[in-house]
Amino acid sequence: MAVQQIGLSDEMEECVDTCIEAAEVCEWCADECADHGEEMAECIRLCRDVADLASLCARLCVRDSEFNSQIAEACADACEACAEECEQHDHDHCQACAEILPRCAESCRAMA
């Protein structure tokens, strides 16, 4: 990946990669959950939070922002909350979130 070429630490590189993956799966999940009615509202909200925080976290890590640790902590918290919510639903997209988000939370905490 191009991230290796810009000289990030291993922790930052892992954080960027998992954040990008988390943002993608959460965008997919939120979009799919929109078709399942009001009972999925919390899942949609949490997935959107993760998608926004994870993409921001990846961007801040790449530019070595002084704020990347705080955003990484917030992203980890959001990932954990979203994974917990998604675990409760049998949809493939929710189960994908429940699988991927704990890894993102772990890498964000390691980087922070």
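Quantities reported herein were computed from a predicted structural model and do not represent experimental measurements.
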Carboxylate-amine/guanidinium contact R103 E21, below 4.0 Å: yes
How many angstroms lie between atom SG of C82 and atom CD of E42, to the nearest 0.5 angstrom? 9.0 Å
The test is side-chain contact (heavy atoms from CB on, under 4.5 Å); show your working for C86 and C47 and say whether it passes. CA-CA 9 Å; C86 285; C47 280; 4.1 Å; yes
Evaluate whether atom CG of D35 has more than 12 neighbouring non-hydrogen atoms of other residues, nucleotides or ligands under 6.0 angstrom away. yes
Rounded to the nearest 0.5 Å, how far does CE of M12 lie from CG of D17? 13.0 Å
Separation of E32 CD from I44 CD1 (nearest 0.5 Å): 10.5 Å
Between I20 and I100, is there a shared hydrophobic cluster once you connect ILVMFWY residues whose side-chain heavy atoms come closer than 4.5 Å? no
Compare every heavy atom of E11 with every heavy atom of A110, then report the nearest pair and how far apart it is. O-CG, 4.2 Å
If you define the side chain from C-beta out and look only at heavy atoms, does anything of L101 sit under 4.5 Å from C26? yes
Got a list of side-chain donor-acceptor pairs under 3.5 Å for residues 58-76, not counting sequence neighbours?
{"unit_1": "R59", "atom_1": "NH1", "unit_2": "S55", "atom_2": "O", "d": "3.4"}
{"unit_1": "S65", "atom_1": "OG", "unit_2": "F67", "atom_2": "N", "d": "3.0"}
{"unit_1": "E73", "atom_1": "OE1", "unit_2": "R109", "atom_2": "NH1", "d": "2.8"}

What one should report as the nearest heavy-atom pair of A83 and A98 is O-CB, 4.0 Å
Supply the atom-to-atom distance E39 CD to Q88 CD, rounded to the nearest 0.5 angstrom. 12.5 Å
Just verifying a value: how many Å separate S107 OG and D10 CG, rounded to the nearest 0.5 Å? 12.5 Å
Can H89 and E85 be counted as having a side-chain donor-acceptor contact under 3.5 angstrom? yes
To the nearest 0.5 angstrom, please state how far the SG atom of C43 sits from the NE2 atom of H91. 8.0 Å
I'd like to know whether C108 forms a side-chain contact (heavy atoms from CB on, under 4.5 Å) with C79, so could you lay out the CA-CA distance, the side-chain angles of the two residues, the decisive distance to 0.1 Å, and finally the verdict. CA-CA 10 Å; C108 284; C79 283; 5.8 Å; no
Does one hydrophobic cluster hold both V50 and L46, with members joined at side-chain heavy-atom distances below 4.5 Å? no
